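What follows is a single structure, written as structure tokens, with notes after it.
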Amino acid sequence: MAGKPRVVVVGGGIGGALLAKTMEPDADVVLLDPKDYLEISWAELRSMVEPSFAERSLIYHKDYLTTTTIVKSSAVNITEHAVLTADGQSLAYDYLVVATGHVLASPGSRTDRLTEFQRENETIKSSKSVLIIGGGPTGVELAGEIAVDYPDKKVTLVHRGSRLLEFIDQKASKKCLDWLTSKKVDVLFKQSVDLDSLSNTEKSYKTSSGEIITADCHFLCIGKPLSSSWLHDTILKESLDNKGRLMVEKDLRVKGYNNVFAIGDITDIPEIKQGYLAQKHALLVAKNLKLLIKGSPASKLGTYCPGFPLAIVSLGRKEAVAQLPYVTLTGRIPGILKSGDLFVGKTRKQMGLHA
């Protein structure tokens, strides 16, 4: 490995994992992640109703990486030359990529994550009624998965907004609502549930408008905070915006730095935060790193342009709503695109594994 520059990737989510994999032939790669596995995050909700699905969507880092050094820890600081880890290591870098995304409460071991899905599935199976809090893509997809796999269960979805999936157009949003209603899901808008009073032992939940919902269990599907608070004490603190996102140039280098890049949800790129976009960021940064390693000038680096907001939200196993340029589709056609396998086979192949 002597002579190869060292690339340290902080974060082993969908973007960081693909970047580490792509850079292996050209660099001495170190992947720093508190988990020993990559989770294909958009398969999470299917795994809750069908835990065996997670066998393919949770992938040990060691199974797709061949020459990368995997360090199972978190970053606590960054200096001009090294990343400092929670377990006291100092990882020197020539190039650094920050890909820490959103805060995850997932366990560090793949085995424990599989057990977690099993437990969530038991909770759903043993409940006659389920409350879902949050009407973004996670809440809508979970409601759809439960409504299709367990049609006898009473599902209620509470959303503080005035429509589902505010990031897509109103037509697509209305199609989602109509589909959920047709599956007997109760959707309550402009209401929230007091999160401090939540517990799965209580079977009644009070909404902000005073409505009482009875449910045997609840799932919280609201946005998670960015995993960037640790950056406030690092050399990158001046490159954070007021929302805690790393400000990047068009070539995805962090503003003010020549050898530090950021990809995925942690960036301030004005677009919906989605896994497939983190993959696009990763492939562009890999290309740019290879150019820099070869000695190309910065002016030759590729640039990233946010595209039209595409979204495919699964509605159960066979249907979906898709917002594509110039058209919104609902039903089986977009369902064929995503809902059957949720792009898990495609992602596994991209990581060099069998589908």
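All of these numbers come straight from a predicted model, not from anything done at the bench.
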**Study point:** Sub-4.5 Å side-chain heavy-atom contact between Arg253 and Val285
**Key:** no

Practice item. Report the distance from atom NZ of Lys171 to atom CG of Leu329, rounding to the nearest 0.5 Å. Key: 8.5 Å

Review point. Where the side chain of Glu24 meets the backbone of Thr66, is there a donor-acceptor pair that is under 3.5 Å apart?
Key: yes

**Study point:** Passing candidate, side chain to side chain contact (heavy atoms under 4.5 Å, CB included) with Leu231, options Leu240, Leu226, Val10
**Key:** Leu240

Review point. At what distance, to the nearest 0.5 angstrom, does CD1 of Ile70 lie from CG of Leu32?
Key: 11.5 Å

Exercise for review: Measure the CG-OG distance between Leu114 and Ser52 for me, rounded to the nearest 0.5 Å.
Suggested key: 10.0 Å

Review point. Got more than 12 heavy atoms from elsewhere within 6.0 Å of CZ, Arg6?
Key: yes

Which atom pairs, donor and acceptor, lie under 3.5 Å between side-chain atoms of residues 131-145 and protein residues at least two apart or in another chain?
| residue | atom | partner | partner atom | Å |
| --- | --- | --- | --- | --- |
| Glu141 | OE2 | Ser314 | N | 2.8 |
| Glu141 | OE2 | Lys338 | NZ | 2.9 |
| Glu145 | OE1 | Arg46 | NE | 2.8 |
| Glu145 | OE2 | Arg46 | NE | 2.9 |
| Glu145 | OE2 | Arg46 | NH2 | 3.1 |

Exercise for review: Report yes or no: does Lys300 contribute a side-chain atom to a donor-acceptor pair with the main-chain N or O of Leu292 at less than 3.5 Å?
Suggested key: no

Study note, to complete from the structure: One should read off an interatomic distance between Thr69 OG1 and Leu91 CG, to the nearest 0.5 angstrom, of 9.0 Å

Practice item. Quick one: pull up CG in Asp265 and CD1 in Ile14 and give me the separation to the nearest 0.5 Å. Key: 11.0 Å

Review point. Can you tell me if Ser239 uses its side chain to pair, donor with acceptor, with the backbone of Leu246 under 3.5 Å?
Key: no

Practice item. Determine, for Arg317 against Asp149, whether the closest basic-nitrogen to carboxylate-oxygen distance falls under 4.0 angstrom. Key: yes

Check your understanding: Taking Glu39 as the fixed residue, which of Arg56, Arg113, Arg110 is the one that meets the salt bridge (Lys or Arg N to Asp or Glu O under 4.0 Å) rule?
Key -> Arg113

Check your understanding: Is a side-chain N or O of Asp251 found less than 3.5 angstrom from the main chain of Thr303, in a donor-acceptor match?
Key -> no

Exercise for review: Say whether Thr330 and Glu319, considering side chains only, have a donor N or O and an acceptor N or O under 3.5 Å apart.
Suggested key: no

